[in-house]
Amino acid sequence: MSDTEPLTSNVRPATDALVTIRIIKSFPYRNVKNLIIKDIDLKSTTSKTLFDQVLKEINTIGSLRPYRNVQYDSLKIYTKAHGSKSMNLVINFENDDDWVIMKRGAATAEKSLWDWGIQNETEISIFNWDAYIEYKKNPEEKW
């Protein structure tokens, strides 16, 4: 019998996962709010379905009212469970080719979240693509 505990990302099944959505209002000012989505089926949920669900949550939850004035159009994986995090506290600049699961409102493919490699406790950012490109050119933080 093993003395080690299983990783929390492996305890929940892919049909009942927990995903953290990082709602990014402003890159330079680091305005980010986390939204926890529970009981998500990673094998049947597509990036478009997740995107629509997050927009609905933003438009209905009162505490997310300040985040309603951004035109969100993209989803990107920020970090996978038990993986290393980016040095940038707002968004992960690396892996644009592999980790962008939706760009400018159009899913790059109607693959399920599971097919994108998303597991329990993955963090995903929702943001405006044009604002991301501008920030990536000059990642200066303002206060």
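As the structure is a computational prediction, the values presented were derived from the model and not from experiment.
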On a heavy-atom basis, the closest approach of Lys103 and Ser74 is CA-OG, 3.7 Å
Non-hydrogen side-chain atoms of Asn69 and Lys25 separated by less than 4.5 Å: yes
Is any side-chain heavy atom of Asn92 less than 4.5 Å from a side-chain heavy atom of Thr79? no
Roughly how far apart are Ile24 CD1 and Arg30 CZ, rounded to 0.5 Å? 12.0 Å
Close side-chain approach of Gln119 to Lys80, heavy-atom, < 4.5 Å: no
For Asn120 and Leu18, indicate whether the former's side chain and the latter's backbone hold a donor-acceptor pair under 3.5 Å. yes
Do the side chains of Ile118 and Ile101 get nearer than 4.5 Å, heavy atoms only? yes
Single-linkage hydrophobic cluster, 4.5 Å side-chain cutoff, Ile40 and Leu55 together: yes
Between the side chain of Tyr72 and the main-chain N/O of Tyr67, is any donor-acceptor distance below 3.5 Å? yes
Just wondering, do Leu50 and Ile21 contact through their side chains at under 4.5 Å, heavy atoms? yes
Using side chain to side chain contact (heavy atoms under 4.5 Å, CB included) as the criterion, point out the one residue from Leu42, Ile36, Leu35 that pairs with Val19. Leu42
Arg68 side chain near Asn59 side chain, heavy-atom distance below 4.5 Å: yes
A side-chain contact here means heavy atoms from C-beta on lying under 4.5 Å apart; do Asn95 and Ile77 qualify? no
Side chain to side chain contact (heavy atoms under 4.5 Å, CB included) assessment of Val70 paired with Ile23: CA-CA 10 Å; Val70 175; Ile23 306 168; over 6 Å; no
When you compare the side chain of Leu113 with that of Thr49, does any pair of heavy atoms fall below 4.5 Å? no
Applying ring pair (Phe, Tyr, Trp, His ring centres under 6.0 Å), name anything that partners Tyr135, two or more places apart in sequence or on another chain. Phe27, Phe93
For the pair Lys56 and Asp52, find out whether any cationic side-chain nitrogen is under 4.0 Å from an anionic carboxylate oxygen. no
Tabulate below the donor-acceptor pairs under 3.5 Å that side-chain atoms of residues 125-134 make, not counting sequence neighbours, or state none.
unit_1 : atom_1 : unit_2 : atom_2 : d
Asn128 : OD1    : Asp130 : N      : 3.0
Asn128 : OD1    : Ala131 : N      : 3.0
Asn128 : ND2    : Gln71  : O      : 2.8
Asp130 : OD1    : Arg104 : NH1    : 3.0
Asp130 : OD1    : Arg104 : NH2    : 2.6
Asp130 : OD2    : Arg104 : NH1    : 3.4
Tyr132 : OH     : Lys76  : NZ     : 3.1
Tyr132 : OH     : Asp96  : OD1    : 2.7
Tyr132 : OH     : Asp96  : OD2    : 3.1
Glu134 : OE2    : Lys137 : NZ     : 3.4

Looking at every heavy atom in both Glu57 and Leu64, which two are closest together, and how far apart are they? O-CD1, 3.8 Å
